[in-house]
Novice: 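Following this message is one structure expressed as structure tokens.
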Amino acid sequence: MDVQVHKQTLLSRRASLVGDLTDIEQALDAPMPQDWEDRATERQGDEVLEAMGQVEMAELRRIDAALGRIDDGTYGTCLSCGDQISDVRLMAVPDAALCRNCAK
């Protein structure tokens, strides 16, 4: 397993998420339109943006945890059973904290 490849993947995805979250925050901070119909439509869009932001924040937390495991040398070890997480799984899910069996 090449930990540096996984680290670069995680860092790249992290940077993308931070950019997305910044865009979401700016969109949510934009002033509301004066027209009540436009305001209702805007509120619906805000709800979608808030949900997207929550999903992206959760992924960001998983990525930060994975980067922490890289730093402390436990990346690739299942947090539940202690077995090695397969490189195939880590390529597909670089922030995986559990092996395939424990993730079921």
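In what follows, every heavy atom counts, from backbone to side chain, and hydrogens, waters and symmetry copies are set aside. Small disclaimer: the values here were computed from a predicted structure and weren't measured.
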Novice: Roughly how far, to the nearest 0.5 Å, is CG of Leu90 from CG of Asp2?
Specialist: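 Output value for this atom pair is 11.5 Å.
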Novice: Just so I know, are the side chains of Glu25 and Leu28 near enough to count as touching, which here means a heavy-atom distance under 4.5 Å?
Specialist: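 They are not in side-chain contact.
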Novice: Are the side chain of Thr74 and the backbone N or O of Thr77 linked by a donor-acceptor pair below 3.5 Å?
Specialist: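 Side chain of Thr74 to backbone of Thr77: no pair is present.
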Novice: Within a 6.0 Å radius of atom CD on Gln34, are there more than 12 heavy atoms belonging to other residues, nucleotides or ligands?
Specialist: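 No, the 6.0 Å shell around CD holds no more than 12 heavy atoms from other groups.
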Novice: Taking atom CG of Leu49 and atom CD of Glu47, what is their separation to the nearest 0.5 Å?
Specialist: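 Atom-to-atom, Leu49:CG and Glu47:CD are 10.5 Å apart.
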Novice: So Met91 and Thr9, do their side chains get closer than 4.5 Å, heavy atoms only?
Specialist: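 A side-chain contact is absent here, since even the closest heavy-atom pair is not under 4.5 Å.
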Novice: Using side-chain heavy atoms (C-beta onward) and a distance below 4.5 Å, is Glu59 in contact with Arg13?
Specialist: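 Glu59 vs Arg13: side chains touch.
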Novice: Can you tell me if CZ on Arg100 sees more than 12 non-hydrogen neighbours from other groups inside 6.0 Å?
Specialist: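 No, not enclosed.
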Novice: Let me confirm one number: the CD-CG distance from Glu56 to Asp20, rounded to the nearest 0.5 Å.
Specialist: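 Reported value, rounded in 0.5 Å steps: 4.5 Å.
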Novice: Using a 4.5 Å cut-off on heavy atoms from C-beta on, say whether the side chain of Leu79 contacts that of Arg69.
Specialist: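 In short, these two side chains touch, coming nearer than 4.5 Å.
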Novice: Can you tell me how far CD of Glu50 sits from CD of Gln54, rounded to the nearest 0.5 angstrom?
Specialist: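 Here the rounded value is 7.0 Å.
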Novice: Heavy-atom distance under 4.5 Å between the side chains of His6 and Leu67, does that happen here?
Specialist: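 When only atoms from C-beta onward are counted, Leu67 and His6 do not touch, as no gap falls below 4.5 Å.
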Novice: When hydrophobic residues are tied together by side-chain contacts of less than 4.5 Å, even through go-betweens, does Leu21 share a cluster with Val18?
Specialist: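 Yes; tracing contacts between hydrophobic side chains, which count when under 4.5 Å, links both residues.
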Novice: Between Leu17 and Met57, is there shared hydrophobic-cluster membership here, with clusters defined by ILVMFWY side-chain heavy atoms closer than 4.5 Å?
Specialist: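 Looking at the clustering, Met57 is in the same group as Leu17.
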Novice: Should Ile70 and Leu10 count as side-chain neighbours, where that means a heavy-atom distance under 4.5 Å?
Specialist: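 Yes - at least one pair of side-chain heavy atoms lies under 4.5 Å apart.
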Novice: Assess the residue pair Arg14 and Asp95 against the criterion (side-chain contact (heavy atoms from CB on, under 4.5 Å)); give the C-alpha distance rounded to whole Å, side-chain angles, the decisive distance to 0.1 Å, and a yes or no.
Specialist: CA-CA 11 Å; Arg14 187 182 194 290; Asp95 62 354; over 6 Å; no
Novice: Quick check for you: to the nearest 0.5 Å, what is the distance between Ile63 atom CD1 and Lys7 atom NZ?
Specialist: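 Answer for the CD1-NZ pair, Ile63 versus Lys7, is 14.0 Å.
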Novice: Are Leu98 and Ile85 packed together at the side-chain level, in the sense that at least one heavy-atom pair is separated by less than 4.5 angstrom?
Specialist: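 In short, these two side chains do not touch, never coming nearer than 4.5 Å.
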Novice: State whether the side chain of Ser16 and the backbone N or O of Ser12 hold a donor-acceptor pair below 3.5 Å, judged by distance alone.
Specialist: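 No, because the side chain of Ser16 does not come within donor-acceptor range (under 3.5 Å) of the backbone of Ser12.
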Novice: Is Val48 linked to Ile24 within one hydrophobic cluster, defined over Ile, Leu, Val, Met, Phe, Trp and Tyr using a side-chain heavy-atom separation of less than 4.5 Å?
Specialist: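 Per the 4.5 Å side-chain linkage, Val48 and Ile24 are co-clustered.
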Novice: Any non-hydrogen side-chain atom of Cys81 less than 4.5 Å from a side-chain atom of Cys99?
Specialist: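 In contact.
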